[in-house]
Amino acid sequence: MKELKILYLYPDILELYGDFGNIQVLKYRLEKRGFSCIIDSYSIGDDEPNFNDYDIIFSGGGADNEQSILSKDLIQYKDKIKTAVKNGVFFLLICGSYQLFGKYYKDVDGNIIPGLEIFPYYTEAINDRKKRCIGNIVISANINGKEQKIIGFENHGGQTYDVFSPFGTVLYGNGNKFGDNKEGFFLDNVIATYLHGPLLSKNPELADYIISYCLNRKYGENVTLEKLDDSFENLCREQLLKHFTH
Ligand code: GLN
């Protein structure tokens, strides 16, 4: 039986607004089609994981304090994570993790939380603690050569600069910075985004894109995914889109 292996980084520290739901959606959509899904986790104090052994590495959102707790632990794996990125392991990174894969995150008090520096963007919190990019967000992203509306929820003080390859164009909400028209970072096998939601429950086509990518990479063939009944998800999307964009 074909199987995908997912590694969830710091599940006890990075899990905001249902981020774990992303993994549950992947598992559900794999199992519905007769594939199996293994979910492992890694957190501070655990044995070092073999990053290259996984098809998908997921890391969720967390507030400044959580980011500062784990940054040192994460950075010890910098070279290994870089290699996994180069090898094509799929990375899905939400909010706080998005920031930590860049150069650094500077918090509201000016403290620098170092990042993995795998990508050249950097994030700085706005000087006013009360000002945050909060709310629903809709972006248009090119997935598999097709423009698709991606729906989510953002809540970040951090403003991300120097993103050379954004995930999408903002249709509603903020994105990488206040009033920005670009959101997230998307390069080959990495999607890093401010979109909680959880992201994949609101965007099943994106979940399938990740699943197809991973199956094709692992089994070296063009796997056609059996269609699932997404009528409920699509109804929900229609309502949300009606609300936020018209
Ligand atoms: N600490 C970050 C910020 O506020 C990340 C927040 C999050 O993960 N939701 O910008």
Side-chain angles (χ1 to χ4, degrees), residues 4 6-11 14-30 37 39 41 55-63 66 89-101 119 123 133-144 146-156 158 160 163 165-176 180 182-214 225 228 230 232-241 243-245:
L4 289 186
I6 304 176
L7 176 65
Y8 184 1
L9 296 178
Y10 309 104
L14 297 177
E15 212 282 334
L16 278 179
Y17 314 114
D19 286 336
F20 175 58
N22 291 310
I23 293 181
Q24 289 174 304
V25 169
L26 290 168
K27 182 176 161 67
Y28 170 82
R29 299 184 76 82
L30 279 163
C37 177
I39 300 167
S41 61
D55 304 292
I56 301 173
I57 297 183
F58 173 79
S59 198
E66 278 77 37
V89 173
F90 199 96
F91 282 74
L92 180 60
L93 311 165
I94 311 291
C95 202
S97 297
Y98 166 25
Q99 297 171 347
L100 287 174
F101 271 62
F119 304 114
T123 307
C133 302
I134 303 182
N136 293 295
I137 173 163
V138 182
I139 66 170
S140 175
N142 191 303
I143 311 292
N144 244 349
K146 213 172 90 193
E147 275 305 309
Q148 287 186 33
K149 290 194 171 78
I150 308 289
I151 307 169
F153 170 80
E154 60 179 334
N155 182 358
H156 53 106
T160 302
V163 181
S165 178
F167 181 27
T169 305
V170 179
L171 303 176
Y172 180 87
N174 286 290
N176 284 332
D180 201 346
K182 297 293 177 204
E183 199 289 323
F185 174 83
F186 184 8
L187 190 65
D188 306 323
N189 48 312
V190 179
I191 292 181
T193 174
Y194 278 114
L195 272 59
H196 299 278
L199 174 71
L200 300 182
S201 67
K202 287 181 174 164
N203 305 285
E205 285 204 44
L206 182 60
D208 283 356
Y209 167 76
I210 296 172
I211 290 172
S212 300
Y213 166 90
C214 294
L225 291 183
L228 298 183
D230 287 332
F232 188 68
E233 287 83 347
N234 288 333
L235 191 63
C236 174
R237 281 176 59 81
E238 250 173 60
Q239 293 307 312
L240 291 170
L241 289 172
H243 229 75
F244 308 137
T245 56

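In this chain, residues are counted from 1 in sequence order.
Separation of atoms SG (Cys95) and NE2 (His156) is listed at 6.0 Å; rounding is to 0.5 Å. Here the OH atom belonging to Tyr28 is positioned 12.0 Å from the OG atom belonging to Ser201, to the nearest 0.5 angstrom. Between atom CG of residue Leu9 and atom CZ of residue Phe58 there is a gap of 9.5 Å, rounded to the nearest 0.5 Å. Distance CG/Asn22 to OG/Ser59: 11.5 Å, rounded to 0.5 Å. Atoms CD1 and CG, on Ile57 and Leu92 in that order, are 11.5 Å from each other to the nearest 0.5 Å. Considering CG of Leu206 and CG of Leu26, their distance stands at 9.0 Å, rounded to 0.5 Å.
Pairing each heavy atom of Tyr98 with each of Val163, the nearest pair is OH-CG2, 3.6 Å. Between Ala207 and Val25, the closest heavy-atom pair is CB-CG1, 4.0 Å. Residue Gly21 comes nearest to Pro198 through the heavy atom pair CA-CG, 3.8 Å, listed as atom of the first residue, atom of the second, then distance. For the pair Ile6 and Cys37, the tightest heavy-atom approach, listed with the atom from each and the gap, is CD1-SG, 3.7 Å. Between Asn174 and Ile137, the shortest heavy-atom distance links the atoms N-CD1, 4.1 Å. Shown here for Ile150 and Ala141, the closest heavy-atom pair between the two residues is CG1-CB, 3.9 Å.
Under the side-chain hydrogen bond (donor to acceptor under 3.5 Å, both in side chains) criterion, Tyr10 pairs with Asp73, sequence neighbours left out. A search for side chain to side chain contact (heavy atoms under 4.5 Å, CB included) contacts involving Asp55 returns Leu4, Lys5, Cys214, Arg217, Lys218, not counting sequence neighbours. For Tyr209, there are no ring pair (Phe, Tyr, Trp, His ring centres under 6.0 Å) partners at least two apart in sequence or on another chain. With sequence neighbours left out, the side-chain hydrogen bond (donor to acceptor under 3.5 Å, both in side chains) criterion links Asn203 to Arg237. Listed by chain and residue number, Tyr213 satisfy the ring pair (Phe, Tyr, Trp, His ring centres under 6.0 Å) test with Phe90 (two or more places apart in sequence, or in another chain). Partners of Arg29 by salt bridge (charged side-chain N to carboxylate O under 4.0 Å, His left out), not counting sequence neighbours, listed by chain and number: Asp208, Asp230. Looking at residues two or more places apart in sequence or on another chain, you find no side-chain hydrogen bond (donor to acceptor under 3.5 Å, both in side chains) involving Ser212. The ring pair (Phe, Tyr, Trp, His ring centres under 6.0 Å) check on Phe167 picks up Phe186, with sequence neighbours excluded. Residues that satisfy the salt bridge (charged side-chain N to carboxylate O under 4.0 Å, His left out) test with Lys149, not counting sequence neighbours, are absent from this structure. In terms of the salt bridge (charged side-chain N to carboxylate O under 4.0 Å, His left out) criterion, residue partners of Glu205 (sequence neighbours excluded) are, by chain and number, Lys146. Contacts of Tyr17 classified as side-chain hydrogen bond (donor to acceptor under 3.5 Å, both in side chains), with partners at least two apart in sequence or in another chain: Asn155.
In this structure, Lys182 and Thr169 have side chains that are in contact, with non-hydrogen atoms separated by less than 4.5 Å. A heavy-atom distance below 4.5 Å is not found between the side chains of Asn136 and Leu240.
In this structure, the ring of Phe101 has its center no less than 6.0 angstrom from the ring center of Phe185.
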Enumerate donor-acceptor pairs with a distance under 3.5 Å from any side-chain N or O in residues 187-196 to protein atoms, sequence neighbours excluded.
from	atom 1	to	atom 2	distance (Å)
Asn189	ND2	Val85	O	2.8
Asn189	ND2	Val89	O	2.7
Thr193	OG1	Glu183	OE1	2.9
Thr193	OG1	Glu183	OE2	3.2
Thr193	OG1	Leu195	N	3.0
Tyr194	OH	Gln99	NE2	2.9
Tyr194	OH	Thr160	OG1	2.5
His196	ND1	Asp19	OD1	2.9
His196	ND1	Asp19	OD2	3.4

Review point. Under the side-chain contact (heavy atoms from CB on, under 4.5 Å) criterion, do Ile56 and Phe91 qualify, and how do the steps go?
Key: CA-CA 6 Å; Ile56 301 173; Phe91 282 74; over 6 Å; no
Check your understanding: Does the side-chain contact (heavy atoms from CB on, under 4.5 Å) test come out yes or no for Ser97 and Leu14, once each step is laid out?
Key -> CA-CA 8 Å; Ser97 297; Leu14 297 177; 3.4 Å; yes
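Glu15 contributes no side-chain N or O that, together with a main-chain N or O of Gly60, makes up a donor-acceptor pair within less than 3.5 Å. Using a distance-only test at 3.5 Å, with no hydrogens or angles considered, no donor-acceptor pair links the side chain of Gln239 to the main chain of Cys236. The backbone N or O of Gly175 lies less than 3.5 Å from no partner atom in the side chain of Asp180, so there is not a single donor-acceptor pair. Using a distance-only test at 3.5 Å, with no hydrogens or angles considered, a donor-acceptor pair links the side chain of Asn176 to the main chain of Gly184.
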